[in-house]
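Nothing here was measured: the structure is a model prediction, and the numbers come from that model. Reckoned from all heavy atoms, side chains included, excluding hydrogens, waters and symmetry mates. Just so we're on the same page: letters track the sequence lines, and every chain starts at 1.
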Amino acid sequence: MSKLILIVLGMAIVTYIPRMLPMVLLKDVKMPPFLKSFFQFIPFAALGALIFPEIISSTGNIKSALAGMVVSIILAFFRLNVMIVVLGGILGVFLYQLI
Amino acid sequence: MKDDSKIQTTVDFIDSQLPQQSRLSQSSLTFNEGIKSGIPIAVGYIPISVAFGLLAKSAGVPDYLSILMSLMVFAGASQFVAVNLITLGVMPFEIITATFILNLRHFLMSASISQKLEKSISKTWMSIISFGITDETFTVASLRSEEEVSRDFMLGLNLVAYSAWVFGTAVGVFLAPSLPESLKSSMGIALYAMFIGLLVPALKNSPPVLTVSLTAAIINSFLNYVPMFINLSAGWAIIISTIASSCIGAIIYPKGVKVGE
């Protein structure tokens with residue numbers, strides 16, 4: 001087996017295990033209130049950390065990234081469909097690059 | 001005519017006598033709703049996976065291997081890092097370790113979503129659905145306003161995201177050099193815009209959500225810019241920020257938060 005295929009196989013295993021184990025093991029577990037609340041906050045905490053600060057380097061130019069970010073925030077603020085927020089963000093960056 | 005209405009009444013009667021399970025399943029999210037919710041993810045994945053295919057090709061990674069990696073690993077950041085390390089001639093063990101650390105955050109996400117999925121889903125299906133857990137599928141599923149998310153919804157959501165990822169990789173490997181640069185860089189914002197589209201409506205009406213997500217963003221920025229932590233990998237920075245701010249959230253708001261209020 002080639003070294004490269006070995007790398008991909010190893011990567012596949014170490015990526016799959018953290019995805020699979022908690023879902024299978026915690027399926028029927030009744031969590032105490034604190035943990036329950038902790039896990040309810042995880043998506044929001046993860047979103048905050050995933051967005052910031054990486055978003056400012058997402059287009060290779062801080063200003064165009066900020067332009068896209070502001071457009072997305074405004075569209076999202078008015079509860080527009082996520083698809084519109086995504087396209088608006090892309091358009092914001094694209095138009096900023098044009099001017 | 002009269003008989004028809006009699007049958008209808010009987011049907012209604014039987015329906016009302018059915019155990020709760022089958023009535024719940026009527027309102028469960030369908031496969032098609034999963035596909036629909038996955039489309040913004042696909043839009044975000046295409047440019048990134050195209051970029052991955054391109055990078056892998058220019059790094060001299062064989063075409064079949066880049067596509068195999070997207071098929072088997074299905075994790076953006078670590079695939080980029082792996083290609084980078086492969087070209088640097090880093091040992092396989094170190095590449096695999098880096099991948100593990102980078103994707104350890106899925107451990108938290110998987111634990112969190114285990115509480116949002118319908119209780120009737122078997123362990124076998126859980127292990128299949130779990131393959132598709134990414135930052136994006138996790139957040140889309142978690143932020144559904146429904147109390148529980150069904151197996152079919154997850155399968156639809158994962159399928160769209162996964163197909164876009166693999167398809168984009170193939171496009172990158174085979175024909176991306178012809179794409180205009182300005183379009184490619186504009187699309188770099190796509191996934192972040194999607195995250196914003198999910199987060200902003202949720203934090204608008206909820207001080208707990210606002211507190212927790214803002215705290216996470218601040219901690220993560222701190223870990224990214226303060227020289228002392230500059231050697232911390234992106235994977236660890238996200239894990240630490242997520243755990244710390246969720247903990248703070250659970251301490252200040254022990255009752256947690258209801259999604260989709």
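In this structure a side-chain-to-backbone donor-acceptor pair under 3.5 Å is missing from K3(A) to P92(B). With hydrogens and angles ignored, the 3.5 Å screen pairs a side-chain donor or acceptor of S112(B) with a backbone N or O of F39(A). R19(A) places a side-chain N or O within donor-acceptor distance of the main-chain N or O of F131(B), the cut-off being under 3.5 Å. Counting only distance, with no hydrogens or angles, the side chain of N220(B) and the backbone of F52(A) share a donor-acceptor pair below 3.5 Å.
If you tally non-hydrogen atom pairs under 4.5 Å between each of V82(A), I42(A), V85(A), I17(A) and chain B, the highest count goes to I42(A). Per-residue counts of heavy-atom pairs under 4.5 Å with chain A were compared for W125(B), Y64(B), F93(B), Y253(B); the largest is that of Y253(B).
Neither the backbone nor the side chain of L75(A) comes within less than 4.5 Å of any heavy atom in chain B. If you measure heavy-atom distances from V71(A) to chain B, you find no contacts under 4.5 Å at all. The parts of F38(A) that come within reach of chain B are both its backbone and its side chain, each placing non-hydrogen atoms under 4.5 angstrom from that chain. Neither the backbone nor the side chain of I74(A) comes within contact range of chain B; no heavy atoms are under 4.5 Å apart. Both the backbone and the side chain of K27(A) come within less than 4.5 Å of a heavy atom of chain B.
Of all non-hydrogen atoms in A193(B) and G89(A), the two that sit nearest each other are CB-CA, 4.4 Å. Across every non-hydrogen atom of A46(A) and M109(B), the tightest pair is CB-CE, 4.1 Å. Scanning both residues, F44(A) and S213(B), for their nearest heavy atoms gives O-CB, 3.3 Å.
Between F41(A) and V257(B) the shortest side-chain heavy-atom distance falls below 4.5 Å. In this structure, M23(A) and L117(B) have side chains that are in contact, with non-hydrogen atoms separated by less than 4.5 Å.
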